[in-house]
Every structure is written in C-alpha cells, then in structure tokens.
Amino acid sequence: MDEIPLSAPWIGEREEELVREVLRSGRLSLGPMVDRFEQALAERVGASCVAAVSSGTAGLHLAVRLADLHAGDEVITTPFSFAASANCLLYEGAVAVFVDVDSATLNLDIAAVEAAVTDRTKAILAVDIFGYPAELDDLSGIAERHGLSLLEDACQALGAEYRGRPIGSFDHPAVFAFYPNKQMTTGEGGAVALSSEDDWALLKSLSNQGRSDSGEWLTHAHLGYNYRLDDVSAAIGLAQLERLDAILELRAEVAARYAKLLAPIDGVELPLSDDGDHARSWFVYVVRLADEIDRNGVMAHLAEEGVASKPYLPSIHLQPYWRERFGTLEGMYPVAERASRQSLALPFHTRLTAGEQERVADTLGRALAVGES
Ligand SMILES: Cc1ncc(COP(=O)(O)O)c(C=O)c1O
C-alpha cells in the first residue's frame with residue numbers, strides 16, 4: 001500500500017514556465033524575478049514592502065537585527081514553536097524569555113507576556129502557531145506601552161487574517177517561510193513583510209553581504225550575510241503565489257473534510273476553529289490526543305499501515321541544546337508541554353484526496369481502539 005506522506009508541494013506547469021524564463025535569461029541571482037516575487041507577495045499580504053530571503057530562519061535573524069538587540073536584551077517569546085523562532089534571538093546574543101501559551105490557541109498567553117516584562121525587555125517575538133494568528137492587538141498594545149519592538153514569526157501563517165487584516169499587513173515585521181511543506185514553496189526560501197522602506201533597504205542590504213546601495217559590489221556598509229533568495233526559487237514562488245488563493249481554499253477544504261471524518265473518534269481533539277478575530281491559514285493538521293493515549297503506540301500503528309504522522313511539535317525549552325545551555329526543565333511551561341505531549345500531525349497537503357483522508361481517519365480510529373484494549 002502506498003504511504004500517505006505528511007506533506008507534499010503542488011508544482012505545476014506555470015512553475016516550470018517561469019523557471020525556464022529565469023534559466024534562459026541567464027540572471028540566476030539578483031535578477032528581476034526576485035523583484036517580481038517581492039512585489040507580488042507584498043500585494044498579496046498587504047505589506048508596504050517585502051524582502052525575499054533564503055529561508056524563514058534567515059528572515060527571522062534579519063528581523064531580529066532590525067530590532068537592534070544587544071547582548072543580554074530580553075525578548076519574550078513562546079516555547080511552543082519550531083526551534084528557529086527562538087534560535088534567531090541567540091544569534092544576536094539576546095535572551096529568550098519564554099512564557100507559557102494559551103491552552104486553546106497555543107499562541108502566547110497575553111497575561112503571561114505582560115507579567116514577564118522587565119527593565120531589560122526589548123522585544124516580543126510572537127508566533128502564529130499552526131497558522132492561527134497570535135493576539136496581535138494585545139501584543140502591540142503591550143509593546144507600545146513598554147516601548148518594545150514587536151516581531152512576528154508568521155512562517156506557518158501565510159494567508160491567515162487577524163481581525164480582517166492579512167498577516168503581514170501590520171506595522172511590525174512579519175516573517176514567512178517557503179520550505180516545501182508550507183502553504184506555498186520556493187524550495188528553500190523566506191520573506192520579511194515590512195511597513196517601512198528604510199527597513200526594507202537595510203534588510204535587503206543585510207541579506208546581500210551588507211552591501212551599500214551605491215552599487216559598488218565590494219563596498220560593505222554593514223555586517224551582512226548571504227541570505228539572498230535566488231531567481232530560480234523566486235520563479236517557483238511567483239507561480240505559487242499566482243494560485244495561492246486556490247491553494248488556501250483547497251487546504252481549507254481538506255481541513256473541513258478531516259473535521260467531519262475525525263469528529264466521531266473518541267480521544268481526538270480537533271484544531272481550534274476560526275472566530276471573528278482569527279482566520280487560520282491551514283499549514284498542518286494537528287490533533288490533540290487525550291492524555292491517557294499512548295501517542296507513540298498510535299504513531300507506530302499508523303506507520304505500519306503506511307500513514308505518516310509526527311509528534312508536532314516539541315517545546316523548544318526541552319530541546320537538548322536548550323536544556324544543556326540554559327538548564328531549562330520539564331514543568332516550566334506546563335501548557336506548552338502538555339500540548340507537546342498530546343499533539344499529532346496527520347498527513348496534510350493541498351491535494352490530499354478524500355480517499356486518502358478516509359484511510360487516515362480509519363487507521364487512526366483503529367490505532368486508538370487497539371490502544372484502549
Ligand atoms: C514557526 C517557524 N519558524 C521558523 C521556521 C523556519 O523556516 P525555514 O525552515 O524556512 O528556515 C519554521 C519552519 O518550519 C517554522 O515553522
């Protein structure tokens with residue numbers, strides 16, 4: 001029986017056409033395709049400008065650089081995220097101050113954020129986990145009151161909306177990622193949505209070895225990096241962007257079908273539904289298993305029957321690197337830890353078929369029944 005993978009990109013003829021255009025142009029890097037991609041993305045997310053970069057992690061690093069953090073500056077962030085969203089703070093010598101998450105949204109708990117602000121706090125780094133928007137108004141209120149920068153890791157949330165506005169259209173930098181498991185892909189790649197042209201120019205310079213805009217190839221005005229997105233990747237991204245709305249619609253349909261199929265299964269909690277303030281962009285389909293269920297046993301059963309799954313995702317403070325360097329321990333962020341113990345990502349992508357979803361649901365139902373006996 002064929003394996004049902006966790007994720008899969010959807011690449012079509014338009015991607016091939018635009019990639020061919022780049023290959024024939026001979027402008028494989030720093031060419032016009034990157035500009036076209038940046039403009040199209042800015043338009044789609046309602047940002048003043050967008051800087052394309054080589055990965056979400058690179059985008060996060062540069063967004064942190066823009067916040068002008070110094071060694072020892074504290075940044076409040078969530079432990080329930082992918083490692084890169086906190087690692088980017090360490091790159092600049094900042095201190096990641098984790099606070100626990102809200103048990104429903106799994107995003108930053110606002111009261112915990114407020115309580116964690118100290119004299120050393122310089123920024124808040126919010127994550128829209130699983131594509132569900134963080135409480136941006138509350139967070140920007142706290143940031144304003146205390147004179148902090150607000151950064152948004154929207155790597156999982158392209159296409160999501162908060163209070164009717166697209167993620168990426170707010171005043172603070174928002175970072176997107178385009179690895180092939182994301183809503184849309186560039187292969188490797190990322191982007192930072194910005195509200196200021198000056199920030200955009202600085203970020204572009206930092207991503208291009210700190211070159212000044214004098215046009216001098218060997219003049220470096222800043223400590224820069226090579227975080228450039230190349231034009232072949234941008235071509236794939238532009239083709240994907242052209243049908244992003246269709247992609248998002250299909251993903252929402254896949255999610256709705258899962259909700260119907262999985263609702264009757266005891267011990268499986270479905271992802272939080274949208275409300276008037278939050279419109280999720282479907283990146284992954286993560287269910288929460290009841291506490292007493294042996295998740296490893298369920299995953300082994302799924303694997304035996306050709307259904308991929310992942311314990312998605314582990315809390316950052318319990319990663320070996322963080323434990324070793326900072327002495328972080330179990331029990332520090334109980335809501336995040338509980339979510340990490342229970343969460344299970346099921347196969348999810350734009351073109352997952354109804355038949356495949358039925359197979360996933362049946363297999364999961366049987367895996368849970370075996371676990372009970
Ligand atoms: C929340 C979050 N932040 C950052 C990243 C890093 O993105 P990239 O893999 O493009 O570096 C990811 C990637 O999955 C992510 O999910």
Side-chain angles (χ1 to χ4, degrees), residues 55-103 105-157 160 162 167 170 172-177 190 192-193 312-319 321-323 325-329 332-340:
S55 69
T57 307
L60 284 167
H61 184 189
L62 296 186
V64 169
R65 274 286 302 269
L66 285 189
D68 197 23
L69 300 176
H70 300 282
D73 287 349
E74 293 180 358
V75 180
I76 299 171
T77 193
T78 165
F80 191 69
S81 182
F82 184 69
S85 73
N87 286 348
C88 65
L89 301 172
L90 306 186
Y91 301 159
E92 292 300 311
V95 177
V97 175
F98 291 125
V99 301
D100 214 343
V101 294
D102 178 271
S103 62
T105 65
L106 302 179
N107 283 324
L108 280 172
D109 177 322
I110 296 305
V113 172
E114 185 82 67
V117 176
T118 71
D119 292 348
R120 294 176 301 282
T121 310
K122 291 292 179 315
I124 300 169
L125 196 161
V127 180
D128 307 307
I129 206 67
F130 304 155
Y132 197 87
E135 304 305 329
L136 296 179
D137 280 352
D138 291 331
L139 292 169
S140 63
I142 297 173
E144 250 169 56
R145 248 179 290 123
H146 297 279
L148 314 175
S149 302
L150 176 59
L151 310 174
E152 185 177 6
D153 176 343
C155 287
Q156 304 190 350
Y162 176 73
I167 295 299
F170 292 79
H172 57 266
V175 181
F176 298 107
V192 187
Y312 193 75
L313 37 65
S315 292
I316 300 173
H317 68 287
L318 299 181
Q319 293 289 353
Y321 177 78
W322 285 76
R323 282 182 189 261
R325 178 163 168 193
F326 300 105
T328 41
L329 296 168
M332 295 178 84
Y333 309 103
V335 183
E337 290 166 22
R338 179 157 178 247
S340 291

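Just so you know, residue 1 is the first one in the sequence shown, and it goes up from there. Only a predicted model underlies this, so the values are computations on that prediction, with no experimental measurement involved. Keep in mind that the numbers below use all heavy atoms, side chains included, and drop hydrogens, waters and symmetry copies.
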Just by modelled atom types, is the L318 backbone N or O under 3.5 Å from a matching donor or acceptor in the S315 side chain?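 Not confirmed, S315 side chain does not pair with L318 backbone.
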
Give a yes or no answer on whether the side chain of T118 reaches the backbone of R120 with a donor-acceptor pair at less than 3.5 Å.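 Yes, because the side chain of T118 sits within donor-acceptor range (under 3.5 Å) of the backbone of R120.
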
Can you tell me how far the [atom1] atom of [X] sits from the [atom2] atom of [Y], to the nearest 0.5 Å?
{"X": "L151", "Y": "H172", "atom1": "CG", "atom2": "NE2", "answer": "8.0 Å"}
{"X": "L125", "Y": "L148", "atom1": "CG", "atom2": "CG", "answer": "12.5 Å"}
{"X": "D100", "Y": "H317", "atom1": "CG", "atom2": "NE2", "answer": "8.0 Å"}
{"X": "E114", "Y": "H146", "atom1": "CD", "atom2": "NE2", "answer": "4.0 Å"}
{"X": "R65", "Y": "L60", "atom1": "CZ", "atom2": "CG", "answer": "14.5 Å"}
{"X": "Y333", "Y": "T328", "atom1": "OH", "atom2": "OG1", "answer": "7.5 Å"}

Pairs in or reaching into residues 62-85: which pass ring pair (Phe, Tyr, Trp, His ring centres under 6.0 Å), with residues at least two apart or in two chains? F80-F130

Hey, are the side chains of [X] and [Y] touching, using non-hydrogen atoms and a 4.5 Å cut-off?
{"X": "I167", "Y": "F176", "answer": "yes"}
{"X": "Y132", "Y": "N107", "answer": "yes"}
{"X": "L90", "Y": "W322", "answer": "yes"}
{"X": "F98", "Y": "T77", "answer": "yes"}

Can you list everything that forms a side chain to side chain contact (heavy atoms under 4.5 Å, CB included) with [X]? Sequence neighbours excluded, please.
{"X": "Y91", "value": "T57, H61, N87, C88"}
{"X": "A157", "value": "D128, A154, A160"}
{"X": "L69", "value": "V64, A67, D73, V75, L89, A94, K122, A123"}
{"X": "V99", "value": "I76, L108, A112, V113, A116"}

If I compare all heavy atoms of [X] with all of [Y], which pair ends up nearest, and what's the gap?
{"X": "A143", "Y": "L150", "answer": "CB-CB, 4.3 Å"}
{"X": "I129", "Y": "S81", "answer": "CD1-CA, 3.8 Å"}
{"X": "C155", "Y": "G56", "answer": "SG-CA, 4.0 Å"}
{"X": "V117", "Y": "I142", "answer": "CG2-CG2, 4.2 Å"}

Listed partners of E92 passing salt bridge (charged side-chain N to carboxylate O under 4.0 Å, His left out), at least two apart: none

Report the C-alpha distance between S149 and D68 in whole Å, list the side-chain angles of each, state the deciding distance to 0.1 Å, and finish with yes or no for side chain to side chain contact (heavy atoms under 4.5 Å, CB included). CA-CA 9 Å; S149 302; D68 197 23; over 6 Å; no

